[in-house]
Amino acid sequence: IVRRKKSLPIVYGLARSAALRALLAQEMLAEDDVQRATALLQEEGSREYAGRLAAEHHEQAMAALESAHLHGAAAEALRALAEMLRDRER
């Protein structure tokens with residue numbers, strides 16, 4: 001929020017909350033503004049949405065790997081990468 005990155009949860013929240021759009025349109029954000037923005041994102045379910053979307057993409061990636069019938073170290077590395085990307089924290 002402070003760095004003004006347009007991450008998926010932010011974009012999702014901005015699309016659904018006029019209050020969040022107004023708050024983040026300010027040139028400077030105080031600590032209370034950051035806390036309010038975080039609360040608004042939580043109210044809109046932004047993190048949950050991003051989590052669901054990530055899970056869907058992960059399932060699609062794993063299905064694609066499975067349908068490619070890959071074997072060996074390269075296949076395991078791709079599966080491990082997909083798992084790591086799904087489980088990482090931001």
Side-chain angles (χ1 to χ4, degrees):
I1 294 171
V2 173
R3 291 183 294 170
R4 309 288 182 149
K5 281 182 64 178
K6 297 292 191 275
S7 65
L8 179 60
I10 299 286
V11 171
Y12 181 85
L14 288 170
R16 284 154 184 77
S17 173
L20 183 62
R21 285 191 300 275
L23 185 62
L24 295 184
Q26 297 179 68
E27 191 168 322
M28 298 293 292
L29 294 175
E31 181 61 32
D32 323 358
D33 297 327
V34 173
Q35 290 175 4
R36 177 70 180 133
T38 301
L40 289 167
L41 288 167
Q42 185 173 0
E43 289 171 20
E44 293 301 329
S46 292
R47 183 178 292 250
E48 292 80 7
Y49 171 76
R52 284 192 309 272
L53 193 60
E56 289 173 21
H57 284 284
H58 177 263
E59 288 174 22
Q60 291 171 357
M62 296 306 283
L65 285 172
E66 187 67 29
S67 69
H69 304 290
L70 300 174
H71 303 286
E76 281 307 308
L78 287 171
R79 287 183 188 92
L81 176 61
E83 296 294 329
M84 186 263 318
L85 290 172
R86 180 195 62 192
D87 298 337
R88 72 181 177 171
E89 291 291 322
R90 293 243 163 176

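For clarity, every value in this text was computed on a predicted model and none was experimentally measured.
The shortest heavy-atom contact between E44 and R16 is OE1-CB, 3.4 Å. Smallest separation of non-hydrogen atoms from P9 and A50: CG-CB, 3.8 Å.
With sequence neighbours excluded, no residue forms a salt bridge (charged side-chain N to carboxylate O under 4.0 Å, His left out) with R21. For E48, the salt bridge (charged side-chain N to carboxylate O under 4.0 Å, His left out) criterion is met by no residue, not counting sequence neighbours. Not counting sequence neighbours, R52 has no partner by the salt bridge (charged side-chain N to carboxylate O under 4.0 Å, His left out) test.
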request  = Check step by step if salt bridge (charged side-chain N to carboxylate O under 4.0 Å, His left out) holds for R36 and E43.
outcome  = CA-CA 10 Å; R36 177 70 180 133; E43 289 171 20; 3.6 Å; yes
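For residues 59-72, there are no side chain to side chain donor-acceptor pair (under 3.5 Å) pairs, not counting sequence neighbours.
H57 is listed as a side-chain neighbour of L53, based on a closest heavy-atom distance under 4.5 Å. M62 is listed as a side-chain neighbour of R79, based on a closest heavy-atom distance under 4.5 Å.
Separating the CG atom in L8 from the CZ atom in R47 is a distance of 12.0 Å, to the nearest 0.5 Å.
Clustering of Ile, Leu, Val, Met, Phe, Trp and Tyr by side-chain heavy atoms under 4.5 Å joins L85 with L81, M84. The hydrophobic cluster around I10 extends to I1, V2, L14, L20, L23, L24, L29, V34, L40, L41, counting ILVMFWY residues whose side-chain heavy atoms fall within less than 4.5 Å of a member.
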